[in-house]
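One structure is given below, encoded as structure tokens.
Note on naming: letters A, B, ... go to the chains in the order of the sequence lines (proteins, then strands), and numbering restarts at 1 for each one.
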2 protein chains.
Amino acid sequence: MSKLQTAMAILIEVFHSYSGKEGDKNKLNKSELKNLLKTELKIDGGDSREIEGMMRELDADRDGEVNFQEYVTLVAAMTMISNEFFQK
Amino acid sequence: MSKLQTAMAILIEVFHSYSGKEGDKNKLNKSELKNLLKTELKIDGGDSREIEGMMRELDADRDGEVNFQEYVTLVAAMTMISNEFFQK
């Protein structure tokens, strides 16, 4: 596997290690999203209202959960912010 | 670093290891994109017309090069395709 393929495999593995815990195995519900943000991105969503706000922003198809595509969108945005930081 | 942060760092590192070779250090020109696709994703773009077509599709801001955001969009799309494959 190339470096980039390794990164892609990690993105997939991380998503499923959280989404597989409860309910729909291929979607993040509110508590799974909260755990992922806290553990993987050190984002402490604070009270549940903040997590709900974040979820609504990510949940493009408005089904109340975050699917893989919505998660990749988040990671892409976070990565762009990190990249801008490193270019300074 | 968490697993996800590691993946994000790899995405950034891979981009710059190709974009930094020629011209604008923060953008992929045609030959840098070709090298990245071939080495990292095993995509052999064939003749230069195919690479040019791919470049036009990725190059959202139409400046003739692929910036980090356009690259992340490509990686996100490729990762979604891989994820669907693994769910089957």
Side-chain angles (χ1 to χ4, degrees), chain A residues 1-21 23-28 32-45 54 58-61 65-88, chain B residues 1-21 23-28 32-45 54 58-61 65-88:
Chain A
M1 267 209 279
S2 71
K3 277 194 173 187
L4 189 54
Q5 286 171 323
T6 304
M8 289 164 64
I10 297 173
L11 292 180
I12 293 171
E13 184 199 332
V14 166
F15 178 82
H16 290 288
S17 71
Y18 292 85
S19 72
K21 293 221 172 105
D24 189 329
K25 299 246 171 286
N26 293 316
K27 289 179 181 172
L28 297 166
E32 289 167 341
L33 176 66
K34 188 175 178 167
N35 282 336
L36 188 155
L37 293 173
K38 195 175 175 179
T39 311
E40 298 294 331
L41 296 170
K42 324 294 179 203
I43 296 172
D44 192 343
M54 204 152 193
L58 291 172
D59 182 19
D61 66 359
E65 300 202 85
V66 171
N67 65 26
F68 188 77
Q69 183 170 353
E70 292 154 357
Y71 153 85
V72 167
T73 305
L74 165 72
V75 175
M78 298 291 300
T79 307
M80 278 181 279
I81 294 167
S82 305
N83 179 56
E84 279 162 28
F85 177 78
F86 287 122
Q87 280 180 25
K88 274 172 195 161
Chain B
M1 268 210 276
S2 70
K3 278 193 170 187
L4 189 55
Q5 286 171 324
T6 303
M8 289 163 63
I10 297 172
L11 292 181
I12 293 170
E13 185 200 331
V14 166
F15 178 81
H16 291 288
S17 71
Y18 292 85
S19 72
K21 293 216 173 110
D24 188 330
K25 299 248 172 284
N26 292 315
K27 289 178 181 172
L28 298 166
E32 290 166 341
L33 176 65
K34 188 174 177 167
N35 282 336
L36 188 154
L37 293 173
K38 194 174 175 182
T39 311
E40 298 294 331
L41 295 170
K42 324 295 178 204
I43 296 173
D44 191 344
M54 206 153 192
L58 290 173
D59 182 18
D61 66 0
E65 300 202 85
V66 171
N67 65 25
F68 188 77
Q69 185 172 351
E70 292 155 357
Y71 154 82
V72 166
T73 305
L74 166 72
V75 175
M78 298 291 299
T79 307
M80 277 181 279
I81 294 166
S82 306
N83 180 56
E84 279 161 28
F85 177 79
F86 287 123
Q87 279 180 26
K88 271 172 195 162

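- Considering NZ of K3(B) and CG of L11(A), their distance stands at 11.5 Å, rounded to 0.5 Å.
- A 4.5 Å side-chain heavy-atom check between Y71(B) and L4(A) finds at least one atom pair inside the cut-off.
- Atom NE2 of residue H16(A) and atom CG of residue N83(B) lie 3.5 Å apart, to the nearest 0.5 angstrom.
- Contact check for S2(B) versus K42(A): side-chain heavy atoms found under the 4.5 Å cut-off.
- Both the backbone and the side chain of M78(A) come within contact range of chain B, judged by heavy atoms closer than 4.5 Å.
- Atom CD in Q69(A) sits 11.5 Å away from atom OG1 in T79(B) (nearest 0.5 Å).
- Only the backbone of T39(A) comes within contact range of chain B, judged by heavy atoms closer than 4.5 Å.
- The structure places CD1 of I10(A) at 11.5 Å from CD of Q5(B), a figure rounded to the nearest 0.5 Å.
- Surrounding NZ of K21(B) are more than 12 heavy atoms belonging to other residues, nucleotides or ligands, all under 6.0 Å away.
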